[in-house]
Structure formats: C-alpha cells, structure tokens
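The next block holds one structure in the form of structure tokens; read it before the comments.
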Amino acid sequence: MKIRKAIIPAAGLGTRVLPASKSIPKEMLNIVDKPAIQYIVEEAVEAGIEEILIITNRGKGAIEDHFDHSFELEANLKNNPSKKKIYDDILKPVHMANIYFLRQKETNGLADAIAKTRHFIGNEPFAILYGDDVITNKGGKPVIGQLMEAYEKYEKGVVGVKEVPRKDVSKYCSLDVKPLEGRLMECFNIIEKPTEDQIISCYSILGRVVMPPEIFDIIDNTPVNEKAGEVYFTDSMVLLAKKLGLLALDFEGTRYDMGNKLGIMKANCEFALDHDEIGEDFKNYIKELAKTL
Ligand code: UTP
C-alpha cells in the first residue's frame, strides 16, 4: 500500500540543547538560513508524502507560524523587486504540503506522541520523521523514501538504522538483525539504551521509521517502562517485530542530530560549505581558521 501520510514528533523538551531551546523550539534552530524542521518537511515531500502532521506542545507555536503566511512581511517584500528571492523563499514552507498540527499536552514520550495521531492516520501505513533529526542524501533518494520503498515491497514496518560507534550505542538502542537483501535486514529485537553487556549490535535507529497502522493497538498494549515512567516506542516495535515482522534499513544518507550541540554545529558547518550564496566564502574562512588550530 502506498504511503501518503507522515508524522513529525516535535514535542520533546530539548533539554540537551538548553538554554537555546528554552523559548525557541529546538526544531526551529536554524541550519544556515532555514529551521531544521523545514529540511525534514522537504525530505518528506520529496519522497511523495502528501499529508504531514506535526506534533507540538506548549511554547512551540513558532513551528506553526513558520508554515503559515506572514502577511505583513509578505506585503512588504512583494512590492520590492530586489527582494524577490527572499519573498519566494518565505512562501516555500507555506505551500510545501498539507501540514496539520496536534498538541501533545503532556511530554509522556515518543510512543505517547505517536499514539495521539491514530485518528489522523486511520488504517494506512505511515512515515515517522523525528523532528530533531535532519538527514540528507545529496543527489540520492530521500532517506524516508528509501524506507517507504522497503515497506511497499515487503509490507512490514521498517526502521532506519546506522552503525554507531560502540561507545555511543548506550545513548540510542541496539538491534538484533539478520541480513535480508542489500542494505535491508530483518530485525528481531531492540534494546533501548543498552548497558555494555546488553549490546547485540552497533546498529541503532536514527530518526526515520515507517509503521503499519497496527502499531497503534500495540502501543496501547505495551507495558510502561518502570524506570522511564513511559512507554518506550522501541518496546512497541519489538512487539510489532514478534507479531508482524520488522525490517531495518541501513539507509544511504548522513544524519545530523539537532538535539545535541555538536550535531547542530556539524550541520551548520557542512550545509554552509554547500550553500549557493555563502559556500565559497565560508570554505575560505574555514581554511584560514584551520591554519590557526
Ligand atoms: P528525544 O528524546 O530525542 O527528544 O525524542 P527530547 O525529549 O526533546 O530530548 P532531550 O530532552 O534533549 O533529551 C525523539 C523525538 O521525539 C519527540 C522529540 O521532539 C524528538 O523529535 N518527542 C519526544 C515528542 O514528540 N514527545 C515526547 O514526549 C518526547
């Protein structure tokens, strides 16, 4: 079945990037000249997604404003021929896709955020793009599109994975996988935030997932993780793996974690080097700077 809908959970507290994220949602932190979440919406649209639901919470109204008209600004820029490009740029996010918003009233974790989208999704498979993970695949297929293709072929949930350095696995999760075809694997188990002796492999889920609609009933029946006080989405995915099967795709692309300070700096640096307007100047600046290090 073709995947048409996506959700972008963006209701997390962003504690790892405080104080920047105190009054500005971390999803709105910029990468050169666009907020992180715009890159994520662009990825979904490029993959053919038609309807996007962004999950926000109190204090994240700036996300809604970004995808809406700004009449005063538009009126001002519209009549100024020298600002034509800026005018076009600010209208892009407004017309990009059908974007809807839903508030997660309490920050009860990712599984709870996803559970809230059941009525929007209905009875069809859907994509999930984590609001703080910007993932690019320069010149290639958008990463969520790679997962959608795998889902459409096998009709099984798919998680986007990468091998992470062993010392970092404990920050993410560890997957029990077996090769299936090309970059695709079967996934049998996932350990969330494993201790060293619990690590099964260095494959971790990084920000992109495609789920069948059955995941909603599964989330409702997943026991709360006692230590975390919330349902772990990975626990629901393990139940899905046991019931209907689950695939893991070692996707082609580079992921930037906008939920952590180093990730934000890497994204800005690499996107700036590639930028039409400032790329050359920035490269020269970096070269000069590197000499002083
Ligand atoms: P994270 O755990 O990376 O985000 O959740 P966080 O909670 O903001 O991180 P800290 O506070 O820096 O540790 C992964 C994704 O799930 C969303 C987040 O916004 C992020 O995109 N999320 C998380 C929700 O939408 N709701 C939640 O209750 C928790």
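Computation of the quantities below employed the complete heavy-atom set of this structure, encompassing side-chain atoms and omitting hydrogens, waters and symmetry-equivalent molecules. Position 1 is the first residue of the sequence; numbering continues from there.
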In chain order, what residues pass the salt bridge (charged side-chain N to carboxylate O under 4.0 Å, His left out) check against K283, with sequence neighbours excluded?
->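 By the salt bridge (charged side-chain N to carboxylate O under 4.0 Å, His left out) rule, K283 matches E280.
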Tell me, please, which residues at least two apart from E192 pass salt bridge (charged side-chain N to carboxylate O under 4.0 Å, His left out).
->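 Result, salt bridge (charged side-chain N to carboxylate O under 4.0 Å, His left out) vs E192: none returned.
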Where at least one partner belongs to residues 197-214, residue pairs that pass salt bridge (charged side-chain N to carboxylate O under 4.0 Å, His left out), sequence neighbours excluded =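 Sorted result for residues 197-214: E43-R208.
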Pairs flagged by salt bridge (charged side-chain N to carboxylate O under 4.0 Å, His left out) wherever residues 76-86 is involved - sequence neighbours left out |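 The answer is K84-D88, K85-D89.
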Write down the atom of [X], the atom of [Y], and the distance for their closest heavy-atom approach.
{"X": "I219", "Y": "V231", "result": "O-CG1, 4.5 Å"}
{"X": "A150", "Y": "V158", "result": "CB-CG2, 4.0 Å"}
{"X": "I3", "Y": "E152", "result": "N-OE2, 3.2 Å"}
{"X": "P213", "Y": "P125", "result": "CD-N, 3.7 Å"}
{"X": "V169", "Y": "S204", "result": "CG1-OG, 4.3 Å"}
{"X": "S201", "Y": "L175", "result": "OG-O, 2.5 Å"}

Let me see the working for N57 and R103 under side chain to side chain contact (heavy atoms under 4.5 Å, CB included), right down to the final yes or no.
-> CA-CA 5 Å; N57 63 7; R103 280 200 185 205; 5.6 Å; no
[X] versus [Y]: any side-chain heavy-atom pair under 4.5 Å?
{"X": "P194", "Y": "I200", "answer": "no"}
{"X": "N268", "Y": "V32", "answer": "yes"}
{"X": "F101", "Y": "I63", "answer": "yes"}
{"X": "R255", "Y": "K162", "answer": "no"}
{"X": "I278", "Y": "D33", "answer": "no"}
{"X": "K34", "Y": "E42", "answer": "yes"}
{"X": "D257", "Y": "D133", "answer": "yes"}
{"X": "T56", "Y": "E27", "answer": "no"}

Would you say the side-chain atoms of K26 pair up with the backbone N or O of G131, donor to acceptor, closer than 3.5 Å?
->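 Between the backbone of G131 and the side chain of K26 there is no qualifying donor-acceptor contact (under 3.5 Å).
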With the 4.5 Å side-chain cut-off for hydrophobic clustering, are F233 and V161 part of the same group?
->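 Yes; tracing contacts between hydrophobic side chains, which count when under 4.5 Å, links both residues.
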Do L147 and V159 belong together in a cluster built from hydrophobic side chains that touch within less than 4.5 Å?
->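 Per the 4.5 Å side-chain linkage, L147 and V159 are not co-clustered.
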Residues E196 and R166 bridged, charged N to O under 4.0 Å |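 Salt bridge flag = yes for R166 with E196.
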Counting heavy atoms not belonging to K266, are there more than 12 under 6.0 Å from its NZ?
->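 At most 12 heavy atoms, drawn from other residues, nucleotides or ligands, come within 6.0 Å of this atom.
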Decide yes or no on side chain to side chain contact (heavy atoms under 4.5 Å, CB included) for M237 and M211, but give the supporting numbers first.
-> CA-CA 9 Å; M237 290 196 273; M211 286 286 116; 3.8 Å; yes
Could you pull out all residues at least two apart from [X] that satisfy side-chain contact (heavy atoms from CB on, under 4.5 Å)?
{"X": "V45", "value": "V41, I52, M96, A97"}
{"X": "F120", "value": "K5, I7, E51, L53, Y100"}
{"X": "A241", "value": "L246"}

Within this structure, what is the [atom1]-[atom2] distance for the pair [X] and [Y], rounded to the nearest 0.5 Å?
{"X": "I128", "Y": "I121", "atom1": "CD1", "atom2": "CD1", "value": "8.0 Å"}
{"X": "L244", "Y": "E155", "atom1": "CG", "atom2": "CD", "value": "11.0 Å"}
{"X": "I55", "Y": "I114", "atom1": "CD1", "atom2": "CD1", "value": "6.5 Å"}
{"X": "L239", "Y": "I215", "atom1": "CG", "atom2": "CD1", "value": "8.0 Å"}
{"X": "L29", "Y": "I24", "atom1": "CG", "atom2": "CD1", "value": "6.5 Å"}
{"X": "E186", "Y": "E181", "atom1": "CD", "atom2": "CD", "value": "11.5 Å"}

Among residues two or more places apart or on two chains, list those pairs meeting side chain to side chain donor-acceptor pair (under 3.5 Å) that have a residue in residues 10-22.
->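 Every pair satisfying side chain to side chain donor-acceptor pair (under 3.5 Å) with a residue in residues 10-22: there are none.
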Any pair with a residue in residues 63-75 that passes side chain to side chain donor-acceptor pair (under 3.5 Å), sequence neighbours left out, goes on the list, sorted by first then second residue, please.
->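 Those involving residues 63-75 are Q38-H66, H69-E74.
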Between Y256 and I31, does a side chain to side chain contact (heavy atoms under 4.5 Å, CB included) hold up when you go through it step by step?
-> CA-CA 10 Å; Y256 302 91; I31 304 179; 5.7 Å; no
Residues that, via side-chain heavy atoms closer than 4.5 angstrom, fall in one hydrophobic cluster with I286 =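 L273, F282, Y285, L289, which link up through side-chain heavy atoms under 4.5 Å apart, make up the rest of the cluster.
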Can you list every ring pair (Phe, Tyr, Trp, His ring centres under 6.0 Å) pair that touches residues 123-172, not counting sequence neighbours?
->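 Applying ring pair (Phe, Tyr, Trp, His ring centres under 6.0 Å) to every pair that reaches into residues 123-172, excluding sequence neighbours, yields F126-F216.
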Residue pairs fulfilling ring pair (Phe, Tyr, Trp, His ring centres under 6.0 Å) with at least one residue in residues 24-45, sequence neighbours excluded =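 Sorted result for residues 24-45: Y39-F271.
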S236 pairs by side-chain hydrogen bond (donor to acceptor under 3.5 Å, both in side chains) with which of D217, D220, T222, N221?
->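 Option passing the side-chain hydrogen bond (donor to acceptor under 3.5 Å, both in side chains) with S236: T222.
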